[in-house]
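Everything below concerns the one structure shown next.
Whatever order the structure lists ligands and atoms in, that order sets their numbers, starting from 1.
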Amino acid sequence: MKQLGKASVENIKNDLVNLAKYNSTPENGITRVLFYDEELQARDFIKARMAENGMTVREDAAGNIFGTIEGSEPDAAPVWTGSHIDTVLNAGMFDGTAGVIGGMEALRLIRESGLSHKRNIEVIVYTSEEPTRFGLGCLGSRAMAGELTAADMEEIKDQDGLSFAEVLQNLGHDLNDLQAVKRKKGDVYAAVELHIEQGAILDTKNIGIGIITTISAPTDIKVSVSGTQEHAGATPMEVRKDAMCAAAEIMLGLEGLARNAGDYSTVATVGKVEVFPGSTNVIPGRVDFSIDIRSADMEDKNTLVQKLKAIVKCVEAVRGVCVDLEIVTHDEPADADPRIISLIETACRQSGQSYHLMVSGAYHDSMFVSKFAPFGMIFVPSKNGISHHADEWTDFADIAKGTDILAETLLQLSQE
Ligand code: GLV
Ligand code: MN
Ligand code: MN
């Protein structure tokens with residue numbers, strides 16, 4: 001009788017270890033920034049592995065990579081899996097990559113089982129899930145959802161002033177083809193993403209699989225505080241308009257709002273600060289910083305943003321500074337499809353795998369895929385919950401277990 005084999009821990013380990021070699025910071029974790037040399041080489045590595053695994057490979061105008069195995073009705077809406085291979089600075093080797101390599105292994109299992117499936121199954125490497133280069137995450141999946149137009153691509157720039165559109169064109173992509181990147185409801189039958197948890201719930205509870213109910217969504221805000229640049233020795237405290245102290249007050253106010261928000265998933269982070277002119281003996285005249293707010297509850301997030309604006313007004317009035325807030329994204333949390341959740345639960349039960357239903361605090365490309373297709377997500381444990389850090393770790397055997405659940409779920413969906 002034909003049946004699905006088990007994922008190979010060796011295959012998964014080899015591919016992940018080889019992928020991790022494409023790294024611009026070997027002295028401190030892994031850094032692979034969109035369309036820099038290491039990331040381009042990693043893309044070639046993935047495409048070669050897809051082809052070796054019997055997939056047909058293509059790339060769309062936004063740089064999303066697709067590896068496809070054909071079903072018996074290739075015109076039927078396909079089933080998708082996949083994740084990303086770009087990283088934050090000094091990252092670990094599993095964020096995103098576990099879902100790409102696990103996805104390729106799942107497709108290998110399905111193809112080698114000889115089991116028939118009606119729908120094509122595709123593993124996708126979404127372009128730049130991380131905001132590292134252009135300050136905006138989920139570029140590829142956002143474009144698929146129609147929420148990143150050619151005009152937006154002209155607007156977002158990297159630290160060298162190059163726009164995403166320019167970078168794509170320099171690599172030979174034709175922005176006239178962007179229409180074909182966009183998907184509408186019905187184009188994709190279902191999507192299932194495998195990912196590391198990036199939190200400590202599964203590891204702490206010793207549970208093998210997390211099944212996502214909702215993905216928390218980010219609101220990213222750029223803040224610029226303008227005060228008065230003056231002499232640090234000769235300016236009395238009462239006449240200062242210190243942009244740094246004003247920024248600090250806003251940051252602590254934001255922290256208080258997130259701590260006191262009703263919803264456990266509501267969090268806020270200031271991860272990037274630039275102080276001008278940045279000298280020890282000069283009162284800062286300007287401070288620019290980033291705000292990253294997340295919540296699984298859109299109402300909660302809206303309330304927090306309103307309260308933040310009130311704090312900013314107050315700081316402006318009391319300290320005589322000017323604060324400019326630019327909302328870069330205000331994304332909506334995405335609910336996983338109940339039927340896909342139940343298929344994943346069934347796959348776990350049938351294989352005796354412990355599982356836990358949970359909210360994803362991190363965002364994922366599935367958040368944008370949800371705009372045009374029902375989705376599900378499978379999490380595997382992160383050691384001590386560490387992620388976006390060089391010490392990020394997930395056992396290869398745990399990724400293999402997640403891959404088995406993924407393969408079973410993809411097969412079921414592709415047979416419908
Ligand atoms: C994705 O990496 C996120 O920041 O949640
Ligand atoms: Mn990440
Ligand atoms: Mn990720």
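Under the rule for a side chain to side chain contact (heavy atoms under 4.5 Å, CB included), the partners of Gln306 that lie at least two apart in sequence or sit in another chain are Lys309.
Counting only heavy atoms from C-beta outward, the side chains of Arg58 and Thr68 approach each other to under 4.5 Å.
Between Glu392 and Ser387, the closest heavy-atom pair is OE1-OG, 2.6 Å.
In summary, the side chains of Glu105 and Thr403 do not present any donor paired with an acceptor at a separation below 3.5 Å, with no hydrogens or angles considered.
Here the rule is side-chain hydrogen bond (donor to acceptor under 3.5 Å, both in side chains) with Glu416, and of His117, Arg119, Lys118, Arg339 only Arg339 fits it. Of the candidates Val123, Leu410, Asn120, Ile121, Ile121 is the only one forming a side chain to side chain contact (heavy atoms under 4.5 Å, CB included) with Ile69. Applying side chain to side chain contact (heavy atoms under 4.5 Å, CB included) to Ile344 and the options Thr346, Ile340, Ile341 leaves one that passes, Ile340.
Protein residues having at least one heavy atom under 4.0 Å from any atom of ligand 1 are Glu129, Glu130, Arg294, Ala362, Tyr363, His388, listed by chain and number.
Excluding waters, the set of protein N/O/S atoms under 2.8 Å from the Mn ion (ligand 3) reads His84 NE2, Asp95 OD1, His195 NE2.
Between Phe94 and Phe396, the ring planes lie tilted relative to each other; the angle falls in the 30° to 60° range.
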Which atom pairs, one a donor and one an acceptor, fall under 3.5 Å between side chains of residues 39-48 and the rest of the protein, sequence neighbours left out?
from: Glu39; atom 1: OE1; to: Phe35; atom 2: N; distance (Å): 2.9
from: Glu39; atom 1: OE1; to: Arg43; atom 2: NE; distance (Å): 2.9
from: Glu39; atom 1: OE2; to: Arg43; atom 2: NE; distance (Å): 3.4
from: Arg43; atom 1: NH1; to: Glu59; atom 2: OE2; distance (Å): 3.3
from: Arg43; atom 1: NH1; to: Gly63; atom 2: O; distance (Å): 2.8
from: Arg43; atom 1: NH2; to: Gly63; atom 2: O; distance (Å): 3.3
from: Lys47; atom 1: NZ; to: Glu59; atom 2: OE1; distance (Å): 2.5

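The Mn ion (ligand 2) sits nearest to atom NE2 when only the N, O or S atoms of His388 are considered.
Checked against a 6.0 Å centroid threshold, the rings of Phe375 and His364 do not count as neighbours.
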